[in-house]
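Starting from 1, each residue takes its place in the sequence as its number.
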Amino acid sequence: MTLSPTPARLAAAAAVLALGALAGAPGAEAQTVRWASAGDALTLDPHAQNEAPTLAMQRQMYDALVNRDVSVAKVPGLAVSWEPVDETTWAFELRRGVTFHNGNAFAADDVVFSIERAMSETSDVKSYLSSVVSVEAVDDHTVHVTTDGPNPILPEWLTGILILDRDWAIEHGVETPQDFAAGEETHAVRNANGTGPFRLVSREPDVRTVLERNPDYWGEAPSVERLDYTPISSAPTRLAALLSGELDFLTDPPIQDLGRLEQAGDIGLSQVNQVRTIFFGTDIAADDLEGDDVEGANPFADRRVREAIYRAIDIEAIREVVMRGLSVPAGMVTSPGVNGYAEELDERLPFDPDGARALLAEAGYPDGFATTLHCPNDRYVNDEAICTAVVGMLGQVGIDVTLVAQPKSIHFAEMQQNELEFYMLGWGVPTYDSEYVFNYLYHTTDGSRGSWNFTGYSNPELDSLVQSIQTEVDIAARDAMIREAWEIVNADLLYVPLHHQVITWAMREGLEVPIRVNDEPLFVHATVAPDF
């Protein structure tokens, strides 16, 4: 059988060639960390994609006003302090003596530019700033951010806004973020100019990215001198490269091979329950769907159909067989560690195939229906394998599913173009507050909120509640609102929850990269042995 040179196979071949070149590359010596995972950063533009692996790459090069440390606690970044100056305004005192990688001085104008840029239509982080009405440079080292009402968690939101050099952006014509969904190519997609601990040496998307230590970094100098990143979609290839010494660090070792890695002797494993929930979404708003065999109707618009899908999924079988025990079954679309999470709200509906068939019959589909499920194959732990298992389970209750598994770059672009009717998504919570989940996933899509609500769901009562949560300063009252919002969305069953993800990192002896619950390594905190 001859295999055609698909984009995925070409990318995998390029990754293997890059890995071979890396092994003998000049500079690939002591204090160099060779890093890999299944999928590459989608872009280097710091405001174009709100996706964790993309941010994991960008955060090596860029800072926010407020950073997060290894434990994800807020710490000073480009702002040394912040405080409210009145009911709707926060003041940020900026760090002095900081320069961008090209030598330009960092100042308040860069903060104003970056926040306004992040509020642009093509920005994927604009929901972080949905309450912001203005940002002002009071002087070179003071910025005021004004919101449309009290916003007690604005510093948490600003951890997600990376700061870009204004003059560099203007020079290269990237005053607005890349339109990722439209496939736009700009200078900021393959180039970077931040203030972070590492600076970009070279960038070949889906092949190789090389970073080097920033000698002028404002913080403590990293132990790592050089980072060589290679995306490798093939799990066996990633595993073999680590075992053979061609790689030093994997953020996604194959979970079926963790025992083998433990026995290798010179490889250490770190594991933690990630703040990320995996689930399915559906288009509930369309009058008719293109990817099903139902004429003139949308099965997903009926809550009973969504519940039938939920009850047809044997999540314990997925946990035991597909995930090798490394997942936590979920009943809500957020995980422990997020403000507003409640164990009693996280209880799943029972696995009940007979009940699922009855619900389908009640909804008018006694013989089931056919549909298409879209999943990434290089984003979440065993994502394609999970979807394959679910396809079989749904078939048992009469839902005939065609699976389309594809790279995340395609999956997310099609999702953001509203082309997917039944899809897998995973959601982390970088603010560690439920308001972020409601803002992005449940609020009506209105230009500033609901930017990842591709379901068409719109509930004015919930929208009002979400906006009240954002401005409420009384903690007890705010927590009560969050609880009410979770009860509403759980009852509506907009999404079908699967599980909270457990992550494992693997690294060679002599390298220590502290694992983080957001699955984003910070190599500024990595340590390497002298003889590494």
Side-chain angles (χ1 to χ4, degrees), residues 18 22 25-37 40-49 51-65 67-70 75-78 95 97-106 110 114 159-165 168-169 187-205 207-231 247-251 505 507-508 511-516 518-528 532:
L22 176 60
E29 59 233 3
Q31 318 312 323
T32 295
V33 171
R34 298 162 300 174
W35 165 33
S37 63
D40 200 3
L42 298 172
T43 178
L44 294 189
D45 188 315
H47 306 135
Q49 276 295 289
E51 191 245 2
T54 299
L55 293 171
M57 178 65 73
Q58 293 171 352
R59 287 191 193 278
Q60 315 307 323
M61 297 174 280
Y62 286 97
D63 290 300
L65 289 179
N67 286 342
R68 290 194 183 273
D69 64 12
V70 169
V75 294
L78 292 177
R95 193 176 296 277
V98 176
T99 58
F100 288 96
H101 295 159
N102 67 352
N104 288 351
F106 161 71
D110 300 303
S114 296
T159 62
I161 305 300
L162 302 178
I163 303 302
L164 187 65
D165 178 6
W168 180 86
H187 187 77
V189 171
R190 298 168 185 255
N191 298 274
N193 187 36
T195 59
F198 296 92
R199 60 190 185 187
L200 184 66
V201 174
S202 63
R203 168 72 174 166
E204 297 175 78
V207 178
R208 185 182 179 199
T209 301
V210 180
L211 310 178
E212 65 181 6
R213 184 165 61 195
N214 175 13
D216 301 316
Y217 180 51
W218 55 264
E220 184 176 351
S223 297
V224 176
E225 294 177 357
R226 182 181 175 97
L227 285 170
D228 285 280
Y229 175 78
T230 307
L247 288 175
D248 304 309
F249 178 68
L250 286 182
T251 51
W505 291 359
M507 60 202 81
R508 296 193 60 77
L511 172 67
E512 291 291 337
V513 184
I515 196 166
R516 306 175 74 221
N518 61 4
D519 203 22
E520 293 180 13
L522 287 178
F523 289 99
V524 68
H525 297 299
T527 58
V528 289
F532 180 73

**Student:** Test your reading of the model: is there a side-chain donor-acceptor pair from Gln60 to the backbone of Pro521, 3.5 Å cut-off?
**Tutor:**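 Yes, Gln60 side chain to Pro521 backbone: donor-acceptor pair under 3.5 Å.
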**Student:** Would you name the heavy atoms of Trp35 and Ala56 that are closest together and state the gap between them?
**Tutor:**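 What the structure gives for the nearest pair is CH2-O, 4.4 Å.
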**Student:** Specify the closest pair of heavy atoms between Asn214 and Gly196, including all atoms of both residues, with the distance to one decimal.
**Tutor:**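 So the minimum-distance heavy-atom pair works out to ND2-O, 3.0 Å.
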**Student:** Quick one: closest heavy-atom pair of Val513 and Phe249, and the distance?
**Tutor:**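 Looks like CB-CE1, 3.9 Å.
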**Student:** Find the distance between OG1 (Thr251) and OH (Tyr229) and round it off to the nearest 0.5 Å.
**Tutor:**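 Here the interatomic distance stands at 6.5 Å.
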**Student:** Indicate yes or no for a side-chain donor-acceptor contact from Asn193 to the backbone of Phe100 under 3.5 Å, with no hydrogens or angles considered.
**Tutor:**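 Between the backbone of Phe100 and the side chain of Asn193 there is no qualifying donor-acceptor contact (under 3.5 Å).
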**Student:** Which residue, Thr230, Asp40, Asp228, forms the side-chain hydrogen bond (donor to acceptor under 3.5 Å, both in side chains) with Arg208?
**Tutor:**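 Of the listed residues Thr230, Asp40, Asp228, the side-chain hydrogen bond (donor to acceptor under 3.5 Å, both in side chains) partner of Arg208 is Asp228.
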**Student:** Look up atom OG1 in Thr527 and atom CZ in Phe532, then write down how far apart they are to the nearest 0.5 Å.
**Tutor:**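 Separation between the atoms: 10.0 Å.
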**Student:** Can you tell me how far CG of Asp165 sits from CZ of Phe106, rounded to the nearest 0.5 angstrom?
**Tutor:**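 One finds 10.5 Å between CZ of Phe106 and CG of Asp165.
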**Student:** Which residue, Asp63, Asn104, Thr99, forms the side-chain hydrogen bond (donor to acceptor under 3.5 Å, both in side chains) with Thr195?
**Tutor:**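 Per the side-chain hydrogen bond (donor to acceptor under 3.5 Å, both in side chains) rule, the option paired with Thr195 is Asp63, out of Asp63, Asn104, Thr99.
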**Student:** Would you call Leu65 and Ile161 a side-chain contact if the rule is heavy atoms closer than 4.5 Å?
**Tutor:**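 A side-chain contact is absent here, since even the closest heavy-atom pair is not under 4.5 Å.
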**Student:** Pick one: which of Met57, Glu51, Gln58 meets side-chain contact (heavy atoms from CB on, under 4.5 Å) with Thr43?
**Tutor:**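 When Met57, Glu51, Gln58 are each tested with Thr43, the side-chain contact (heavy atoms from CB on, under 4.5 Å) holds only for Gln58.
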**Student:** Using ring centroids (six-membered ring only for Trp), state whether Trp168 and His101 fall under 6.0 Å.
**Tutor:**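 So the answer is no for these two rings.
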**Student:** For the atom pair CG (Leu164) and CG (Asp45), what is the distance rounded to the nearest 0.5 Å?
**Tutor:**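 One gets 7.5 Å once the value is rounded to the nearest 0.5 Å.
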**Student:** Could you list all the salt bridge (Lys or Arg N to Asp or Glu O under 4.0 Å) pairs where at least one residue sits in residues 190-199, not counting sequence neighbours?
**Tutor:**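 Passing the test, one end in residues 190-199: Glu185-Arg190, Arg199-Glu212.
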**Student:** Would you please name every residue forming a side-chain hydrogen bond (donor to acceptor under 3.5 Å, both in side chains) with Asp248, sequence neighbours left out?
**Tutor:**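 side-chain hydrogen bond (donor to acceptor under 3.5 Å, both in side chains) check on Asp248 returns Arg34.
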**Student:** Angle between ring planes, Phe198 versus Phe523, binned at 30° and 60°: parallel, tilted or perpendicular?
**Tutor:**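 Because their plane-to-plane angle is over 60°, the rings of Phe198 and Phe523 count as perpendicular.
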**Student:** Please give me the minimum heavy-atom distance between Met61 and Ala192, naming the atom from each residue.
**Tutor:**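 So the minimum-distance heavy-atom pair works out to SD-CB, 3.8 Å.
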**Student:** Give me the atom names and distance for the closest heavy-atom approach of Gly77 to Arg95.
**Tutor:**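 Taking every non-hydrogen atom into account, O-NE, 2.7 Å.
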**Student:** Counting distance only, does the side-chain N/O of Thr54 pair as donor-acceptor with the main-chain N or O of Leu42 below 3.5 Å?
**Tutor:**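 Checking the backbone N and O of Leu42 against the side chain of Thr54, a donor-acceptor pair under 3.5 Å is found.
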**Student:** Set out, in order, the CA-CA distance, both residues' side-chain angles and the distance that settles side chain to side chain contact (heavy atoms under 4.5 Å, CB included) for Leu200 and Thr209, then state yes or no.
**Tutor:** CA-CA 8 Å; Leu200 184 66; Thr209 301; 3.8 Å; yes
**Student:** Taking all heavy atoms of Leu44 and all of Tyr62, pick out the closest pair and write down the distance.
**Tutor:**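 Heavy atoms only, the tightest pair is O-CE1, 4.1 Å.
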**Student:** Please enumerate all residues that pass side-chain hydrogen bond (donor to acceptor under 3.5 Å, both in side chains) together with Arg213, with sequence neighbours excluded.
**Tutor:**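 Result, side-chain hydrogen bond (donor to acceptor under 3.5 Å, both in side chains) vs Arg213: none returned.
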**Student:** One pair to check against side chain to side chain contact (heavy atoms under 4.5 Å, CB included): Arg516 and Arg68. What are the steps and the verdict?
**Tutor:** CA-CA 10 Å; Arg516 306 175 74 221; Arg68 290 194 183 273; 3.8 Å; yes
**Student:** Just so I know, are the side chains of Val524 and Pro222 near enough to count as touching, which here means a heavy-atom distance under 4.5 Å?
**Tutor:**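 Yes. Closest side-chain heavy atoms under 4.5 Å.
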**Student:** Does the His47 side chain pair with the main chain of Leu162, one donor and one acceptor, at a distance under 3.5 Å?
**Tutor:**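 Yes: the side chain of His47 pairs with the backbone of Leu162.
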